[in-house]
Amino acid sequence: METKPLGTTTESVSELCLGAMYFGSRIDRETSFELLDRYYEAGGRFLDTANIYATWVDGYDEPESEPLVGEWLDERGVRDEMTIATKLGFSYGDVPRSLDPDLIEQEIDRSRDRLGIETIDLLYIHVDDPDTPQVDVMETLAGAVDAGHVRYLGASNVSAWRIARANRIAAERGWPRLEAVQTRFSYMIPDRDAAFGGQLPASDELIDYCDQEELTVFPYSPTLQGCYGREDRPIPDGYVRSENRHKMELVGNLAERKGVGGNALVLAWMLDREGPTIPVVGVSTMKQLEANLEANEISFTDEERKRLNEIESLGFGEWDLRQE
Ligand SMILES: NC(=O)c1ccc[n+]([C@@H]2O[C@H](COP(=O)([O-])OP(=O)(O)OC[C@H]3O[C@@H](n4cnc5c(N)ncnc54)[C@H](OP(=O)(O)O)[C@@H]3O)[C@@H](O)[C@H]2O)c1
């Protein structure tokens, strides 16, 4: 599997990141291990989890994803080969939704413990916290990097201006910056007023900022539950509008013409972006994983790329206009 740069860190990571959200809960241990093994065999070396995964699933009050990933790393003896990303900031159990410095430190230690690793390779703040000064958040994160508990930093579900501000604060003080942005980003674009809980959809500004300032974009829920290739998954709520119907039609037609799956085609479209973009891929079966790994093999002609991007695409807004 090819790699893409992780922000300005000078390191590169697998261009498809495997999401472990439901590993150990909705997806049982045996299947999760099989998926991890196959991803590894395909050359994948980059896993995504979070302290809260997946405590909202009935019957799973405790985090199961991090311990499962930790077990797999240990049993396979591959910790040193893998990049492990996790996140903190959302509420679960008795932990409130917050980026309070004490909570950040507590949750970093808990994640390290559950994962059985000394250092978290990439730590995201999972959500913003308007009540904790950003300077305190960035100072605490810098302390965690300094202590060797975390290598690189990222943000998820945080608006572009707040990420830019956090990075200005870090730059002024010589602290490490946010290098990665994980955002709800797919080929279809949601309605402006669609709500997804604490999940923040990507905006033109966010993608433009990442591209210009060399932050890697990590689209999560990239296939919108597999809807680009499944009859049983219609266009999801919050996405039902005419541009998206055109997009679905185009994906269907192109996929058929190229003899590939629609979901893999959408992942390939993300990989094809000029700014480094690494989809966080969610799957529950081997068949889905195999289908999505195909994204690595799909390329586009100039004409196909133009057609895909001419129906309202993110990251092509303000900057292009300013350049004219
Ligand atoms: N930062 C955040 O706030 C945030 C939020 C959400 C997710 N994430 C991360 O992103 C990862 C992926 O998110 P997601 O699970 O929401 O992604 P998704 O791409 O929206 O959905 C994944 C689901 O889509 C279906 N699917 C995917 N590929 C398919 C294919 N080729 N054919 C048929 N069905 C297919 C499967 O559904 P079924 O299992 O139902 O068959 C699969 O479980 C998570 O594991 C997590 O690491 C982060």
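Keep in mind that what you see is a predicted model, and the values were worked out from it rather than measured. For ligands, and for the atoms within them, numbers begin at 1 and follow the listed sequence.
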Enquirer: Can you pull out the closest protein heavy atom to atom 3 (O) of ligand 1? Residue, atom name and distance to 0.1 Å, please.
Expert: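 The protein heavy atom lying closest is Asn157 ND2, 3.0 Å.
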Enquirer: Once the angle between the rings of Phe196 and Tyr239 is folded into 0 to 90°, is it parallel (under 30°), tilted (30 to 60°) or perpendicular (over 60°)?
Expert: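 Rings of Phe196 and Tyr239: tilted, as their planes differ by 30° to 60°.
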Enquirer: Among Val13, Leu271, Thr277, exactly one meets side chain to side chain contact (heavy atoms under 4.5 Å, CB included) together with Lys4. Which residue is that?
Expert: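 Result for side chain to side chain contact (heavy atoms under 4.5 Å, CB included) with Lys4: Leu271.
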Enquirer: So, do Asp211 and Glu274 sit near enough that their side-chain heavy atoms are less than 4.5 Å apart?
Expert: no
Enquirer: Given Lys87, His126, Gln288, Gln182, which has its nearest heavy atom closest to atom 36 (C) of ligand 1?
Expert: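 Heavy atom nearest to atom 36 (C) of ligand 1 belongs to Gln288.
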Enquirer: Taking the side chain as every heavy atom from C-beta outward, state whether Asp48 and Phe218 have any pair of such atoms under 4.5 Å apart.
Expert: no
Enquirer: Considering Ala50, Pro279, Ala291, Gly226 one by one, which has a heavy atom nearer to atom 35 (C) of ligand 1 than any of the others?
Expert: Gly226
Enquirer: Identify whether the distance between the nearest side-chain nitrogen and carboxylate oxygen of Glu107 and Arg110 falls below 4.0 Å.
Expert: yes
Enquirer: Does ligand 1 have any atom that is closer than 4.0 Å to a heavy atom of Arg233?
Expert: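 Contact check Arg233 vs ligand 1: positive.
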Enquirer: Tell me, which protein residue and heavy-atom name are nearest atom 20 (O) of ligand 1, and how many Å apart are they?
Expert: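 For atom 20 (O) of ligand 1, the nearest protein heavy atom is Gln225 N, 2.8 Å.
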Enquirer: Side chain of Thr132, backbone of Asp129: donor and acceptor closer than 3.5 Å?
Expert: no
Enquirer: Is there a donor-acceptor contact under 3.5 Å from the side chain of Glu304 to the main chain of Thr301?
Expert: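 At least one qualifying donor-acceptor pair exists.
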Enquirer: With atoms numbered from 1 as shown, which atoms in ligand 1 lie under 4.0 angstrom from a non-hydrogen atom of Ser284?
Expert: 38 (P), 39 (O), 41 (O), 43 (O)
Enquirer: Which of the atoms of ligand 1 are close to Leu224, meaning less than 4.0 Å from one of its heavy atoms?
Expert: 19 (O), 20 (O)
Enquirer: Quick test: of every protein heavy atom, which one is nearest to atom 17 (O) of ligand 1, and how far off is it to 0.1 Å?
Expert: Ser221 CA, 3.2 Å
Enquirer: Suppose we measure from atom 33 (C) of ligand 1 to each protein heavy atom; which comes out shortest, and what is that distance?
Expert: Arg230 CD, 3.3 Å
Enquirer: Yes or no: does Pro222 have any heavy atom under 4.0 Å from an atom of ligand 1?
Expert: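 Yes, Pro222 has a heavy atom closer than 4.0 Å to ligand 1.
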Enquirer: List every atom of ligand 1 that sits less than 4.0 Å from any heavy atom of Asn263, numbering the atoms from 1 in the order shown and giving each element.
Expert: 29 (C), 30 (C), 31 (N), 32 (N)
Enquirer: Just by distance, with hydrogens left out, do Tyr53 and Lys87 show a side-chain donor and acceptor under 3.5 Å apart?
Expert: yes
Enquirer: Quick one about Glu179 and Thr216 (side-chain donor to acceptor, distance below 3.5 Å, no hydrogens or angles considered), yes or no?
Expert: no
Enquirer: Which atoms of ligand 1 sit under 4.0 Å from any heavy atom of Ser156?
Expert: 1 (N), 2 (C), 3 (O)
Enquirer: Report the nearest protein non-hydrogen atom to atom 22 (C) of ligand 1: residue, atom name, distance rounded to 0.1 Å.
Expert: Gly282 O, 3.2 Å
Enquirer: Return yes if a side-chain donor-acceptor contact under 3.5 Å exists between Tyr39 and Asn292, otherwise no.
Expert: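 The criterion, which ignores hydrogens and geometry beyond distance, is not satisfied for Asn292 and Tyr39.
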Enquirer: Got the closest protein heavy atom to atom 19 (O) of ligand 1, with its distance?
Expert: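 Looking only at protein heavy atoms, the one closest to atom 19 (O) of ligand 1 is Thr223 OG1, 2.6 Å.
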Enquirer: Non-hydrogen atoms of Ala20 versus ligand 1: any pair closer than 4.0 Å?
Expert: yes
Enquirer: Would the distance check show the side chain of Arg184 and the main-chain N or O of Ala202 forming a donor-acceptor pair, the cut-off being under 3.5 Å?
Expert: no
Enquirer: Can you tell me the protein heavy atom closest to atom 44 (C) of ligand 1 and the distance?
Expert: Met21 CB, 3.6 Å
Enquirer: I'd like to know if Tyr53 contacts ligand 1, where contact means a heavy-atom distance under 4.0 Å to any ligand atom.
Expert: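 Right, Tyr53 reaches ligand 1.
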Enquirer: Are Asn167 and Glu213 side-chain neighbours, meaning at least one heavy-atom pair lies under 4.5 Å?
Expert: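 Contact flag for Asn167/Glu213 side chains = no.
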Enquirer: For Glu139, is there an ion pair with Arg173 - N to carboxylate O distance below 4.0 angstrom?
Expert: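 No salt bridge links Arg173 with Glu139.
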Enquirer: Should you measure from each heavy atom of Gln199, which atoms of ligand 1 turn up under 4.0 Å away?
Expert: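 Counting atoms of ligand 1 from 1, those under 4.0 Å from Gln199 are 5 (C), 6 (C).
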Enquirer: Considering the heavy atoms of Asp48, write down every atom of ligand 1 situated less than 4.0 Å from one of them.
Expert: 9 (C), 46 (C), 47 (O)
Enquirer: How far is atom 28 (N) of ligand 1 from the closest protein heavy atom, and which atom is that?
Expert: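 The closest heavy atom on the protein side is Asn292 ND2, 3.0 Å.
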Enquirer: Which atoms from ligand 1 have a heavy atom of Val280 less than 4.0 Å away?
Expert: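 Heavy-atom distances to Val280 below 4.0 Å select 9 (C), 10 (O), 11 (C), 12 (C), 47 (O).
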